[in-house]
Amino acid sequence: MPVILTSVFSAFIIFMTVFSMIRVLNIAYKREDISILQYRILTTSFIIAGICIVSILPFGYQKIYEIIL
C-alpha cells in the first residue's frame with residue numbers, strides 16, 4: 001500500500017512538471033523563440049520521459065521500502 005500511494009503522488013508531481021514544461025514551450029513557440037518542429041519534438045520527448053519515469057517509479061520505491069523495512 002505505501003508503494004502505491006507514494007507512486008501515485010510522485011506521478012502527480014511528475015505530470016504537473018511535464019504540463020508546466022509544455023506550457024513554457026507553448027509560450028516560447030508563441031514568441032517565435034522555437035520552431036514548430038522543435039516544439040513538437042520537445043513536447044513529445046517530455047511526455048515520453050514522464051511516462052517512462054512514472055512506469056519505473058513503483059519498482060524503485062519497492063526496493064527502497066524493502067531496504068528500510
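The figures here come from the full heavy-atom set of this structure, side chains too, leaving out hydrogens, waters and symmetry mates.
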Point-to-point distance, once rounded to the nearest 0.5 Å, from [atom1] of [X] to [atom2] of [Y]:
| X | Y | atom1 | atom2 | result |
| --- | --- | --- | --- | --- |
| Ile67 | Gln62 | CD1 | CD | 10.5 Å |
| Ile41 | Ile34 | CD1 | CD1 | 10.0 Å |
| Ile14 | Ser7 | CD1 | OG | 9.5 Å |
| Tyr65 | Thr6 | OH | OG1 | 3.0 Å |
| Ile47 | Cys52 | CD1 | SG | 12.0 Å |

For Glu32, does the CD atom sit with more than 12 other heavy atoms under 6.0 Å from it, leaving out its own atoms?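 No, because the 6.0 Å sphere around CD of Glu32 holds 12 heavy atoms or fewer from other groups.
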What do you reckon, is OH of Tyr29 surrounded by more than 12 foreign heavy atoms closer than 6.0 Å?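 No, because the 6.0 Å sphere around OH of Tyr29 holds 12 heavy atoms or fewer from other groups.
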Does one hydrophobic cluster hold both [X] and [Y], with members joined at side-chain heavy-atom distances below 4.5 Å?
| X | Y | answer |
| --- | --- | --- |
| Leu69 | Tyr61 | yes |
| Ile51 | Ile22 | yes |
| Phe12 | Val54 | no |
| Ile36 | Leu25 | yes |
| Phe9 | Met16 | no |

Partners of Ile68 by side chain to side chain contact (heavy atoms under 4.5 Å, CB included), sequence neighbours excluded?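 Ile68 satisfies side chain to side chain contact (heavy atoms under 4.5 Å, CB included) with Ile64 only.
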